[in-house]
Amino acid sequence: MAKMRILSGMRPTGPLHLGNYHGALANWAAMQDTYDGFFFVADWHALTTDYETTGAIQDNIREMVLDWLAGGLDPARSTLFVQSHVKEHAELFLLLSMITPVPWLERNPTYKDQIVQLENKDLSTFGFLGYPVLQAADIIIYKANGVPVGIDQVPHVELTREIVRRFNFIYGNVFPEPQALLTETSKILGLDRRKMSKSYQNAIYMSDDPETVRGKVSQMVTDPRRMRKKDPGDPDVCNVFTFHRLYSDEALVTRVNAECRTAAIGCVECKKLMAENLVTGMAPLLEKRRKYAENKSAVEDIIREGDARARAAAMATMEEVRAAVRI
Ligand code: TRP
Ligand code: SF4
């Protein structure tokens, strides 16, 4: 039996942090054996909000693929590629744009959200409104069955299904309807207990070295109600404890859980223990990243091979699409 195909993408907007790793990348990596994975850098999508500042985009693409490789994506098992290297996405986007009603796009919740949140940006562009149509093209050009995404992207996959139904109704059955494979949102928060995000400057990056990690952990906000060392704390509301759960062994998790509640352990010591386990846990990722980064052409070769595999699949679909549309 052929494996089910999954596809997902990320916009190259900067280095990946541990929230991205636990929220998305680690899931992708875990799915590689079960599924035929297509993972791509959505560089055209990065232009929808940042079309004026494209200077860093090539570096960001390379860094993102390095983060992916460090995080366990395996080019021998999965297809890693760059969206803009497969021009067929743009052709399918154009054809889909002909059949997509504008109200479907205007009622898209992420569209409405972003217009409000990024009020200092000019988002009244055709490309920004059409973002989910390009995303639909990304997905269906590979006839992907599953799309591993976070909850925020589910409306886009729903819209993709609606576009597929409309296309198949008008031109005949070409595309399967893809399904969102919901990945659980990462429970880890940023250093300040807000959502971990590059724009909040509260992130620990996958590529941070041990000294940086130790420094950042020492600044982490703990249980906000624990003011003094002699006050008991509540690990259930403490982000440091969430990290312990991910990176420390069971014995230490149990100990911290108990000693925090009785004030037998202080936050400074607790963080130091966690930081060392985090550094140890991140070491294999850093080592992998270093190996790939050392060899200047390694990443380029991986992208070139992935592009070729993706292009072959996209070209085959477009043959069918052109025949169906008669154009
Ligand atoms: N919109 C996605 C995001 O911002 C990125 C993306 C583009 C994507 N094309 C996709 C995700 C296709 C899944 C499938 O995170
Ligand atoms: Fe958090 Fe550890 Fe401090 Fe408890 S002792 S509040 S778990 S940092």
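For ligands, and for the atoms within them, numbers begin at 1 and follow the listed sequence. What you see is a predicted model; the values in this text were computed from it and never measured. This chain uses plain numbering: 1 for the first residue, then up along the sequence.
Partners of Glu106 according to the side chain to side chain donor-acceptor pair (under 3.5 Å) rule, which considers only residues two or more places apart in sequence or in another chain, do not exist here.
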Under 3.5 Å, which donor-acceptor pairs do the side chains of residues 46-57 form with other protein atoms, sequence neighbours left out?
unit_1: Thr48; atom_1: OG1; unit_2: His45; atom_2: O; d: 2.6
unit_1: Asp50; atom_1: OD1; unit_2: Lys121; atom_2: NZ; d: 3.2
unit_1: Tyr51; atom_1: OH; unit_2: Asp122; atom_2: OD2; d: 3.4

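The main-chain N or O of His17 is found under 3.5 Å from a side-chain atom of Asn20 such that the two form a donor-acceptor pair. Remark: side-chain polar atoms of Gln135 are not paired, donor with acceptor, to backbone N or O of Thr160 under 3.5 angstrom.
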| salt bridge (charged side-chain N to carboxylate O under 4.0 Å, His left out) between Arg165 and Glu177: does it pass, once the steps are laid out? | CA-CA 8 Å; Arg165 286 197 285 270; Glu177 275 183 46; 2.9 Å; yes
| said: Pair Arg290, Glu287 - check salt bridge (charged side-chain N to carboxylate O under 4.0 Å, His left out), show working. | reply: CA-CA 5 Å; Arg290 196 185 57 77; Glu287 177 58 18; 2.9 Å; yes
What does the N/O contact table under 3.5 Å look like for ligand 1?
unit_1: ligand 1; atom_1: 1 (N); unit_2: Tyr131; atom_2: OH; d: 2.7
unit_1: ligand 1; atom_1: 1 (N); unit_2: Gln135; atom_2: OE1; d: 3.0
unit_1: ligand 1; atom_1: 1 (N); unit_2: Gln153; atom_2: OE1; d: 2.9
unit_1: ligand 1; atom_1: 4 (O); unit_2: Arg11; atom_2: NE; d: 3.4
unit_1: ligand 1; atom_1: 4 (O); unit_2: Tyr131; atom_2: OH; d: 2.9
unit_1: ligand 1; atom_1: 9 (N); unit_2: Asp138; atom_2: OD2; d: 2.8

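A donor atom on one side chain and an acceptor atom on the other are not found under 3.5 Å apart for Thr183 and Asn27. With no hydrogens or angles considered, no side-chain donor-acceptor pair links Thr254 and Asn257 at under 3.5 Å.
Shown here is Lys3, whose NZ atom has more than 12 heavy atoms of other residues, nucleotides or ligands within 6.0 Å.
At a cut-off of 2.8 Å, measuring from atom 3 (Fe) of ligand 2, the protein N, O or S atoms that fall short of it are Cys267 SG, waters left aside.
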